[in-house]
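Convention: sequence-line order gives letters A, B, ...; per-chain numbering from 1. The figures that follow rest on heavy atoms only: side chains count, while hydrogens, waters and symmetry mates do not.
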Amino acid sequence: MKAVISVLVTALVVLIVFSLLLGDVHFSPAEFMAALGHQGDAAKVLIVWDIRLPRTLLAALVGAGLGASGAALQGYLRNPLADPGIVGISASAGLGAVIALYFGLSALSIWVLPGAAMAGAGLAAVVLMALARHQASVTSVVLGGVALSSLSVALTALLMNLSPNPWALSEIAYWLMGSVADRSFFELGFAAPLILGGIGVLSLGAPALNALSLGEDAARSMGVSSARTGRLVVLGTLLCVGSGVAVAGAIGFIGLAAPHLARPFLGARPGALIVPSALIGAVLLLGADMLARVLSGPGTPLYLGVTTALLGAPFFLYLVYTQRRAFP
Amino acid sequence: MSTLHFKNLSGGPGHADILRHLDIAFGPGLTGLVGPNGAGKTTLLRTAMGLLTPRAGTVGIDDKPLADLSLTERARAMAYLPQNGPVHWAMTVVDIVRLGRFSCQTGTKEDDVAIDRAMTACAVDGFASRVISTLSGGERSRVLLARALAAQTGILLVDEPTNALDPAQQHRIMAILQTRARAGTNVICALHDLPLAARYCDRLVFLQDGKVIEDGLPATVLTAASFSAAYGLHFDKRGYLADEHDPQ
C-alpha cells in the first residue's frame with residue numbers, strides 16, 4: 001500500500017512540474033525556478049502563477065475528487081460500473097450551472113455559477129439521502145440516482161432547446177464539455193476545501209464499505225449502519241463531484257476508471273481504494289489536461305471532458321477485457 | 001454465557017407475521033432450528049440479529065432488550081452468518097475473516113489472535129492469501145464461518161451453513177459449530193438436514209408456521225408425529241413413507 005501511494009505521489013508531483021512547464025512560452029530550469037519564487041521576468045511569473053498553476057492544481061484536485069467518489073460509490077453500491085454520474089449528482093450540478101448560464105445569472109457574480117452547480121448537486125444529495133434512510137436497499141439509491149440523472153439531463157437539454165440565441169447555446173454546450181482552462185485561484189480556493197473535505201468524509205465511511213462487501217445483512221450484523229454509510233458516501237460525493245463540476249464542468253470516466261486501475265495493485269477492499277483512487281484520478285485528469293493542451297490547435301481548444309471520454313472509453317474497454325475473469 | 005430470549009414475539013419481513021406469539025429462550029450449546037420452508041427459521045434469526053423489527057413482543061439478550069442495544073453492542077454480543085451470504089468483491093480470505101473484528105477492533109494483538117484462531121478452527125489458514133472466488137464451495141463456506149467466529153461473541157446465529165455442500169463438508173461445518181458450542185458459545189443454527197441436526201445438535205427446536213411444535217433433545221423431537229405435523233409426511237411402522245411403493 002505504502003509503495004503504491006509513494007509511486008502515485010511521485011507521479012503526480014512529476015506531472016505537476018511538467019504541466020507547469022508545458023505551454024507556448026518556454027522556460028529554462030533557472031527561469032522556471034525564478035518564476036516560482038516570484039523572481040525574474042514579470043510575464044513569466046504571471047504565466048506560472050496566474051495561468052498554469054491554478055489550472056494544474058485544479059485539474060489534479062478535480063481528478064482526485066472524481067477518483068475518490070468513484071471508489072466510494074463502487075464500494076457502497078457494490079457495483080464495478082458505478083461512477084459519480086450514476087447517482088445523478090454530476091448531472092444535477094450540471095443542471096444548476098446551466099440554469100445560471102441560461103438566465104444570465106452567472107454574469108452577476110463569480111460565485112453564482114459554482115454556487116448554482118453546488119445547489120443542484122445539493123438538491124440531488126438531499127433526494128438520495130432521503131432514499132438511503134433507515135434500512136433502505138442500496139438499489140433504491142441507485143435507481144433514484146438514475147432517475148435524477150435522467151431528469152437533470154432532460155432539463156438541461158430543454159434549456160438548450162429553448163436557448164434564446166446561438167451564443168448562449170454554445171456557452172452552455174462548451175461549459176458542459178468540461179475544462180480547467182483559464183481558471184484562477186478563485187476556482188481553486190472554492191473547490192479545494194470542498195474536495196479535500198469530501199475525500200475526508202468518504203474516508204470516514206471506508207471501514208463500513210469493506211464490511212458491506214459481504215452484503216447488507218452481514219454488514220449490519222457486524223455493526224454497520226447502511227444508512228449512515230449511505231449518507232457519508234452521498235455527502236462526500238456531493239462535496240467532491242458537485243464542486244468539481246462547479247469549477248470544471250462535466251468530466252466523465254475518471255471516477256469509473258480510477259478504482260479499476262487501483263484494484264490490481266491494492267486488492268479489492270473498497271475502503272482501501274479511496275485515497276489511492278483519488279491519487280490516480282489526479283494523475284489521470286492532469287495527464288488528460290496536458291494532452292488536451294498539446295493537441296489543441298490555435299483557436300480550437302480541445303475540451304477536457306472530450307479528451308477523458310475519448311481516451312477513457314477505449315482504455316476502460318481494454319481494462320474490462322483484461323480483468324473480465326476477476327469481476328465478481 | 002449469554003441467553004437469547006423471545007417473549008410473545010410476532011413479526012416478519014414487511015407486514016407478514018411469519019413468527020406468531022413466539023416464547024422461547026436459547027441458552028448455551030448447539031441448538032438446531034428445523035422445520036419446513038417458510039416455518040420462520042430465517043425470520044427468527046434475522047429478528048434476533050435486529051435485521052427485522054418485530055411487530056409485537058420483545059427480543060432480549062440476558063436481561064437487556066435488543067431495542068436498547070446499539071448496532072455495535074449487538075454486534076459485540078451476537079455474530080450472524082446469513083444463508084448463501086454474498087462476497088461482492090474479489091477479496092482475499094484473510095481480509096474477509098478480518099471483517100469479523102469490525103465491531104470490536106482493539107487495534108492490538110487481540111484482533112490478530114482472534115483472526116488466527118478463527119482461521120485455524122475453520123482450517124482456512126492454509127490459503128489465507130487466496131481470493132475468495134478461487135475457492136471451492138466448502139472452502140468458501142468455512143471462510144465465511146471463520147469471519148463470524150472471529151468476532152468471538154457469546155451468541156452465534158447461523159443460517160443453513162451446510163446448503164449445497166457435500167457430506168464431508170457438511171460434517172466439517174457442523175463439527176466446527178459443535179466445538180464452538182462446547183467452548184461455551186450459544187450457537188443457534190437453522191438446518192434442513194435432519195440426520196445432521198440429530199447428529200450434532202444438543203437441542204432441536206421444530207418450527208412450523210412461526211410456532212414451536214417440538215422442543216427438546218433430538219431423539220424426542222424427531223418423531224414420526226412431528227414429521228407428519230411439520231412436513232405432512234406419514235410413515236409406516238417400518239419407517240417408509242406411507243404412500244411409498246413397497247418393493248417386497
Side-chain angles (χ1 to χ4, degrees), chain A residues 1 71-82 134-139 142 205-230 259-260 262-274 277 320 322-328, chain B residues 13-14 42 45-53 69-105 107 129-134 140 143-145 147-148 150-151 153 155-159:
Chain A
M1 176 82 161
L73 282 166
Q74 288 184 11
Y76 176 60
L77 301 172
R78 280 153 274 156
N79 188 334
L81 295 174
H134 304 305
Q135 293 182 38
S137 158
V138 293
T139 309
V142 76
L209 292 178
N210 292 336
L212 276 168
S213 301
L214 301 186
E216 286 186 52
D217 272 8
R220 194 169 161 79
S221 76
M222 287 187 261
V224 171
S225 163
S226 180
R228 178 181 176 273
T229 312
H260 286 281
R263 267 184 209 106
F265 302 100
L266 292 161
R269 284 184 307 142
L273 296 178
I274 291 173
S277 296
V320 170
T322 53
Q323 296 181 21
R324 64 193 186 280
R325 292 184 204 286
F327 290 124
Chain B
T42 297
L45 294 178
R46 295 188 77 219
T47 306
M49 198 63 240
L51 300 171
L52 296 173
T53 307
L69 300 178
S70 68
L71 274 178
T72 304
E73 287 169 329
R74 286 179 200 182
R76 286 177 181 165
M78 288 185 287
Y80 173 55
L81 182 63
Q83 185 181 348
N84 302 324
V87 179
H88 287 282
W89 301 102
M91 292 168 74
T92 62
V93 168
V94 70
D95 281 343
I96 290 169
V97 178
R98 188 171 284 132
L99 286 175
R101 301 296 296 167
F102 184 88
S103 66
C104 44
Q105 273 178 2
S129 57
R130 275 178 65 187
V131 170
I132 186 93
S133 53
T134 65
R140 186 182 187 281
V143 170
L144 295 177
L145 180 56
R147 190 276 300 165
T153 52
I155 300 171
L156 176 61
L157 310 172
V158 193
D159 196 357

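The contact between B/Met49 and chain A is made entirely by side chain atoms (from C-beta outward), counting heavy-atom distances below 4.5 Å. For B/Arg147, the part lying under 4.5 angstrom from a heavy atom of chain A is the side chain only. For B/Pro86, the parts sitting under 4.5 Å from any heavy atom of chain A are the backbone and the side chain alike.
When all heavy atoms of B/Phe102 and A/Ala208 are compared, the closest pair comes out as CE1-N, 3.8 Å. For the pair B/Leu51 and A/Ser221, the tightest heavy-atom approach, listed with the atom from each and the gap, is CD2-N, 4.4 Å. In this structure, B/Ala75 and A/Gly223 approach most closely via the heavy-atom pair CB-N, 3.6 Å.
Annotation: the span from A/Leu214 atom CG to B/Trp89 atom CH2 amounts to 13.0 Å, rounded to 0.5 Å. Here the straight-line distance linking atom NE2 of B/His88 with atom CG of A/Leu77 works out to 11.0 Å at 0.5 Å rounding. Expressed to the nearest 0.5 Å, how far OH of B/Tyr80 lies from CE of A/Met222 amounts to 12.0 Å.
In this structure A/Asn210 satisfies the side-chain contact (heavy atoms from CB on, under 4.5 Å) test together with A/Arg269, A/Pro270, B/Leu99, sequence neighbours excluded. A/Asp217 is linked by a salt bridge (charged side-chain N to carboxylate O under 4.0 Å, His left out) to B/Arg46, counting only residues two or more places apart in sequence or in another chain.
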